**Q** 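Sending over a structure as structure tokens; questions will come in a sec.
These numbers come from a predicted model, not from an experiment.
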Amino acid sequence: MAKTGLRPIVRLRSTAGTGTTYVTRKNRRNDPDRMVLRKYDPRVRAHVEFREER
């Protein structure tokens with residue numbers, strides 16, 4: 001079975017418009033929609049929302 005079949009690698013891009021990204025994995029069964037996490041953006045020096053890009 002493929003390693004990334006159920007848990008694909010996704011990129012999270014900052015909503016602050018700085019271009020900062022995080023790379024993580026997500027479970028497709030539990031989170032079928034686009035993932036949104038609140039993480040630290042070093043360019044803004046604050047926590048902002050990061051949304052999954054495809």
Side-chain angles (χ1 to χ4, degrees):
M1 185 171 179
K3 184 176 180 180
T4 59
L6 185 59
R7 297 188 65 88
I9 297 172
V10 295
R11 297 187 79 152
L12 303 173
R13 183 166 299 258
S14 174
T15 57
T18 59
T20 305
T21 60
Y22 279 95
V23 178
T24 187
R25 293 179 179 267
K26 77 169 193 175
N27 189 329
R28 280 191 184 152
R29 286 189 190 149
N30 296 338
D31 301 313
D33 299 328
R34 290 193 182 185
M35 185 183 270
V36 177
L37 295 176
R38 193 161 168 81
K39 298 184 77 63
Y40 182 75
D41 189 341
R43 294 189 185 171
V44 181
R45 295 183 184 170
H47 283 81
V48 296
E49 284 189 345
F50 280 73
R51 295 186 185 274
E52 175 184 344
E53 67 176 15
R54 292 185 182 167

**Q** Looking only at heavy atoms, which two atoms of Leu12 and Phe50 are closest? And how far apart?
**A**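 That closest heavy-atom pairing would be O-CD2, 3.6 Å.
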**Q** Which value, rounded to the nearest 0.5 Å, describes the distance between Arg29 atom CZ and Leu6 atom CG?
**A**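 CG of Leu6 is found 5.0 Å from CZ of Arg29.
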**Q** Would you find a donor on one side and an acceptor on the other, under 3.5 Å apart, between the side chain of Arg13 and the backbone of Glu53?
**A**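 Answer holds: no.
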**Q** Between Tyr22 and Lys39, is there a cation-pi geometry (under 6.0 Å to ring centre, at most 45° from the normal)?
**A**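 Yes, Lys39 lies over the aromatic ring of Tyr22.
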**Q** Linking I/L/V/M/F/W/Y whenever their side-chain heavy atoms sit closer than 4.5 Å, directly or via other members, would Leu37 and Val44 fall into one cluster?
**A**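 Result: no, two separate clusters.
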**Q** Under a 3.5 Å distance rule, please check whether Lys26 uses its side chain to pair with a backbone N or O of Asp31 as donor and acceptor.
**A**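 Yes, the answer is positive, given that a donor and an acceptor are paired below the 3.5 Å cut-off.
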**Q** In chain order, what residues pass the side-chain hydrogen bond (donor to acceptor under 3.5 Å, both in side chains) check against Thr21, with sequence neighbours excluded?
**A**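 side-chain hydrogen bond (donor to acceptor under 3.5 Å, both in side chains) check on Thr21 returns Arg11.
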**Q** Without swapping roles, check the side chain of Thr15 against the backbone of Glu49 for a donor-acceptor pair under 3.5 Å.
**A**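 Flag set: sc Thr15 to bb Glu49 pair under 3.5 Å.
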